[in-house]
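Values in this document were obtained by computation on a predicted structure and should not be read as measured data.
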Amino acid sequence: MSATAGGDDSRSDKSSRSDKSPKSSRGPHSPESPGAPGTTPTLRDTLLSSGYLKLLLLSVVIGVPIALACFFFVSIQHAFQHAVWETLPEAVGYTEPPWWWPLPALLLAGLLLAPVVTRAVGGGGHTPVHGLGGPPLGPDALPGVVFAALATLPLGVVLGPEAPLMALGSGLALLAVRSAKRAEHPKAALVLGTAGSTTAISTILGGPLVAAVMMVEAAGLAGPQLVVLLLPCLLASGVGALVFTGFGEWTGLSIGALELPSVPPNVPPDAGDFLWGLPVAVLLAVVVTAAHRLGYLAEAWTTRRNTGLRTVAAAVAVGVCVAAYALITGRSPAEAALSGQIALGALAADPHAWSIAALIVLVLCKGVAWGICLGGLRGGPIFPAVLLGAAIGIACSGLPGFGTTPALALGIATSTAVVTRLPVTSAVLAVLLMGDDADNQMPLIAVCSVVGFITAQLLERKPR
């Protein structure tokens, strides 16, 4: 699965690869069933073929180990993050990290990441400015991806764990299929790799529903092709989410998933919310797109020459942005560092704990830091964008007639649509995050997802 930001080209490429696949590759163990010689198999033929039924069974089987691997991955990452930003500052006498804390932390992150980017197979994963990645990464890239994520994300890199998780899921899924089988049936391997990615991403996005919708929207398929790809992904992600949830309750370990434990009081949006909400959605799309464009510039700069040294410089620049936020606002630098799950929950629970000035500084400093990370470091692009959208929405909620709850809802939906270019997925994610408040906010969420998506399409221009 490739949920790329501005990923229209990746969709067309994938469709063309699928359409041009030779019919001779459709054997009894392929996800497509051969009908009569020279004819295209029907959907029923495909679903009932022995090869496809084996693929569904394998999707269920791989969902369990992938979910367990992802559980320990995010648990370890969350534990490292807690140690760096809470335990260690307290051990040296601070109640919270001082303003300068991000500078050595991000310097260390750059030093750890530089050799991975320049020497490891797969370069530590896809560059996040291009979205959640391209084709599924193979097993040989897993060590670099896992090390890059666990060694750098907890140190304050302004990216999320979603892209490394998807790479981990696809790599483990492909590892379950022998190399000879992958070469013999490349389409089956692609479906299996996508199912592994979907399983992994479902563990931190509220279950299989968001992951399945994301896969459908990102694949750009229709008709029988969509069903053939969707069923293994739903099975694998459903089983994986069940194992992931049960194992989490059994162990009591925290995973830091994207969630809102508490949201502002539920109020239905009125005319004022729509009158303010649409221009705010446009403003939000402009800000997030500008930060995303900075990612392309950062990528071009870090890859031009001296990639290792420039990767370290990019990490230090991120540390400067985060430290500047703490210096200007007097608040914890952890709010501007990291992926933003914790800060998002705190912002939703008590929106008025931040002044409008603090929210503006948060958007500026975290937005620049996120843009640099998109092009120069490794991780997922979605989580920080969600916090930026929520912060912009809350900052604008003081406008006459514009409520806090609608502002939060449209901020989450619009920012996600801008960064993923998947408006339906963004609306579903916002609805799930808002919980009981979602019923009243659905119309505004749907409209602003589309407004953000269209605005981003009009504004996005990759630098040459």
Sidechain-backbone polar pair: Lys366 side chain, Ala337 backbone, donor-acceptor under 3.5 Å: yes

Could you tell me whether a side-chain N or O of Arg378 sits under 3.5 Å from a main-chain N or O of Gly123, the two making a donor and an acceptor? yes

Answer yes or no: is there a donor N or O on one side and an acceptor on the other, between the side chain of Thr289 and the main chain of Val286, under 3.5 Å? no

For a side-chain contact (heavy atoms from CB on, under 4.5 Å) check, start with the C-alpha distance between Ile412 and Leu260, then their side-chain angles and the critical distance, and finish with the verdict. CA-CA 11 Å; Ile412 293 172; Leu260 299 180; 3.9 Å; yes

Quick check: does any side chain N or O of Ser170 sit under 3.5 Å from a backbone N or O of Ala167, one acting as donor and the other as acceptor? yes

What distance do Thr414 atom OG1 and Leu444 atom CG have between them, rounded to the nearest 0.5 Å? 7.5 Å

Looking at His292 and Val129, would you say the former's side chain and the latter's main chain have a donor-acceptor pair under 3.5 Å? yes

Report the residues that fulfil salt bridge (Lys or Arg N to Asp or Glu O under 4.0 Å) with Glu162, sequence neighbours left out, ordered by chain and then residue number. none

Non-hydrogen side-chain atoms of Ile392 and Val287 separated by less than 4.5 Å: yes

Determine yes or no for a side-chain-to-main-chain donor-acceptor pair under 3.5 angstrom, with Ser197 supplying the side chain and Met166 the backbone. yes

Please name the pair of heavy atoms, one in Ile394 and one in Ala407, separated by the smallest distance, quoted to 0.1 Å. N-CB, 4.3 Å

Of all heavy-atom pairs linking Ala343 and Glu335, the shortest is CB-O, 4.0 Å

How would you list, by chain and number, every residue that makes a side-chain hydrogen bond (donor to acceptor under 3.5 Å, both in side chains) with Thr425, sequence neighbours excluded? Glu217

Shortest non-hydrogen pair, Gly144 vs Val116, comes out as O-CG1, 3.6 Å

Would you say Val158 and Leu338 make side-chain contact, with heavy atoms under 4.5 Å? no

If you look at every heavy atom in Ser415 and Val386, which pair is closest and at what distance? OG-CA, 3.5 Å

For Pro406, is there any backbone N or O sitting under 3.5 Å from a side-chain donor or acceptor partner on Asp273? no

Does any non-hydrogen side-chain atom of Pro128 lie less than 4.5 Å from one of Trp370? no

Contact summary for Gly160 and Leu153, nearest pair of heavy atoms: O-CD1, 3.8 Å

Has the side chain of Ser426 got a donor or acceptor atom that lies under 3.5 Å from a matching backbone atom of Ala417? yes

Closest heavy-atom contact between Cys321 and Ala369? CB-CB, 3.9 Å

